[in-house]
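First the structure, in the form of structure tokens, and then the observations on it.
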Amino acid sequence: MLTTENGAATNPRVDVTTRPLPECNRRLVRPPQGKGRAFHRLRKAIHFGCFLIFLVLPLSNLMRFDIPRQRFYFFGYELWISEFAIIFFSLMFLMFVITAMAMFYGRVYCGYLCPQMIFSEASIAVESRIRRWVNKYVNWKAAQRNLLARALFYLILGIASVVLAFVFIAYFVEPRDLLHRLLSLDVRTAGGVAGAATTLLTLLDFLFLRQHFCTVVCPYGYLQGMLGDDETLIVHYRDENRECIECQKCVRVCHMGIDIRTSPYQIECIHCGECIDACVDILARLGKQGLIHYAWGERGELLADQGTAWYQHMGVRDSKRVVVLLLVLCYAGGLFAALSMRRAVLVEVLPMRATLYRQDAQGAVYNRFRLKVANRSHQQQIVVLTIEGLPETSFVSFENRVVIGGGQSLEREFEIAAPPSAALSPGVNHFQLVSRVGNERDSIPETFIMPFKDSR
Ligand code: SF4
Ligand code: SF4
């Protein structure tokens with residue numbers, strides 16, 4: 001991979017300027033607070049919404065993979081591990097949406113939606129606010145104020161790490177169970193150890209790693225570099241008339257410590273748009289337009305341009321994107337169909353062929369079966385079984401009715417008996433076992449073995 005002078009990875013297709021980079025380029029800096037910054041305010045509103053979603057999804061069972069119970073909760077559906085195909089399909093759909101989003105809109109997921117970025121920026125903002133508050137209201141020596149600010153920051157970050165780790169683990173362990181483990185300071189069970197380890201990692205992450213995580217640990221940034229093309233949304237510096245006043249504000253506000261003027265394809269750039277706001281802000285004072293923009297590729301029009309068709313404005317800019325969009329829609333349709341065709345109660349009947357049949361002294365023939373019922377709903381259900389296509393036969397020591405509680409599964413063995421008078425063929429007789437649950441009816445093809453003529 002090619003790199004810029006400061007070591008940032010670039011796309012070999014572009015290298016728009018050879019301008020030397022400023023000293024502060026590699027530092028992660030805190031953006032100054034400003035008013036009227038459109039993308040900054042948009043990001044903060046989206047960050048807040050994402051934080052609420054992050055909290056609500058596991059705590060309300062909207063999306064959660066309960067490892068101890070082996071259940072996948074997906075927007076009102078409780079999928080059992082035996083329904084792995086649907087679980088896999090759901091996860092693939094989410095992956096596909098994120099991948100398509102990277103192709104259409106570049107790294108907007110990193111800049112606008114990623115929890116790591118949201119909490120990294122939040123920890124920087126909290127640290128800055130505490131420092132300002134202590135400097136304003138505490139009349140101590142500078143070193144003592146500094147110590148107090150750090151202690152307060154560590155305290156708040158410690159509490160926040162416990163909360164965030166709790167919510168994260170709640171995606172995999174039932175929240176009430178997890179709260180019980182937390183309150184009893186459990187570090188013996190797997191859930192307790194996972195909670196303690198996640199808390200520690202969260203604390204260390206937001207103390208030391210922060211946005212470095214994006215370039216050092218996270219593979220998604222590299223993946224997005226491969227998914228983008230000449231029509232993908234990027235943040236691009238365009239200065240044909242040489243209007244840049246070299247104020248460096250776009251560099252100072254950048255959370256990732258890069259200079260967007262060097263290249264629009266630096267691996268660190270998360271397409272957050274903070275540098276766009278900064279340039280607009282500074283050049284507006286001189287009555288000029290900003291020089292940094294969201295643009296559809298290096299040579300494409302700007303996002304703000306009004307002349308394009310609405311679908312192009314939404315990112316559907318070539319046939320490749322039409323195909324990707326259709327695939328996403330097909331996936332969504334397939335997932336919707338699979339979820340709506342899913343039965344709340346799963347009934348399986350398996351013949352037990354260790355012994356083909358049993359015959360009593362009166363000549364009646366018996367075949368043995370195993371019934372498996374899984375109630376994947378939250379309500380009690382009644383399953384009624386009937387025999388169709390096997391005249392004169394009946395269930396033996398089994399009421400054809402099974403009552404099963406919500407979330408329960410059961411197994412039961414039963415026999416079907418054919419009296420000597422039954423008009424069945426020797427050998428294999430095909431019939432249907434019909435299961436009824438409420439208004440749902442299901443036919444299960446089965447076989448009944450009769451003795452062969454010479455053995456009867
Ligand atoms: S260069 Fe601009 S868009 Fe890229 S990360 Fe820095 S501030 Fe955000
Ligand atoms: S903020 Fe705008 S004018 Fe200032 S250095 Fe960056 S691109 Fe140039």
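Bear in mind the structure is a predicted one, so any value in this text is a computation, not a measurement. Note that ligands are numbered from 1 as they come in the structure, with each ligand's atoms numbered from 1 the same way.
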Going by the atom numbers of ligand 2, which of them fall below 4.0 Å from some non-hydrogen atom of Y237?
7 (S)
For ligand 2, which atoms have a heavy atom of R261 less than 4.0 angstrom away?
5 (S), 7 (S)
Answer with side chain, backbone, both or neither: which part of H271 has a heavy atom less than 4.0 angstrom from an atom of ligand 1?
backbone
Per-residue contact class, I258 against ligand 1 - non-hydrogen pairs under 4.0 Å
side chain
Determine whether more than 12 heavy atoms belonging to other residues, nucleotides or ligands lie under 6.0 Å from atom CE of M352.
yes
Considering residues, nucleotides and ligands other than Q380, do more than 12 of their heavy atoms fall under 6.0 Å from its CD?
yes
Give the residue and atom name of whichever protein heavy atom lies nearest to [atom], and the separation in Å to one decimal.
atom: atom 5 (S) of ligand 2; result: Q248 N, 3.3 Å
atom: atom 2 (Fe) of ligand 2; result: C279 SG, 2.4 Å
atom: atom 4 (Fe) of ligand 2; result: C247 SG, 2.2 Å

For [X], atoms of ligand 1 separated by under 4.0 Å from a heavy atom:
X: C275; value: 1 (S), 2 (Fe), 3 (S), 7 (S)
X: G273; value: 3 (S), 8 (Fe)
X: M256; value: 5 (S)
X: C254; value: 1 (S), 5 (S), 6 (Fe), 7 (S)
X: I260; value: 1 (S)

Using 2.8 Å as a strict upper limit, say whether an N, O or S atom of C250 approaches atom 4 (Fe) of ligand 2 that closely.
no
Are Q266 and D259 close enough that a side-chain donor and a side-chain acceptor fall under 3.5 Å?
no
Distance-only polar pair, side chains of Q116 and S120, donor-acceptor under 3.5 Å
yes
Hey, do the aromatic rings of [X] and [Y] have their centres closer than 6.0 Å?
X: F119; Y: F54; answer: yes
X: F168; Y: F172; answer: yes
X: Y331; Y: F89; answer: yes

May I ask you to check whether C244 brings an N, O or S atom to under 2.8 Å from atom 8 (Fe) of ligand 2?
yes
Indicate if the distance from atom 4 (Fe) of ligand 1 to the nearest N, O or S atom of C272 falls below 2.8 Å.
no
Report the C-alpha separation of K249 and D281 in whole Å, then their side-chain angles, then the decisive distance to 0.1 Å, and conclude whether the salt bridge (Lys or Arg N to Asp or Glu O under 4.0 Å) test is met.
CA-CA 9 Å; K249 192 174 179 186; D281 186 34; 2.7 Å; yes
Are the charged groups of R261 and D239 less than 4.0 angstrom apart, N to O?
no
Does some non-hydrogen atom of I270 fall short of 4.0 Å from ligand 1?
yes
Candidates I245, V251, V253; heavy atom nearest atom 3 (S) of ligand 2 found on I245
T386 and R441: side chain to side chain donor-acceptor pair (under 3.5 Å), yes or no, with the steps?
CA-CA 11 Å; T386 49; R441 179 185 190 279; over 6 Å; no
Flag the pair V434 / L385 as yes when at least one side-chain heavy-atom distance between them is below 4.5 Å, and no otherwise.
no
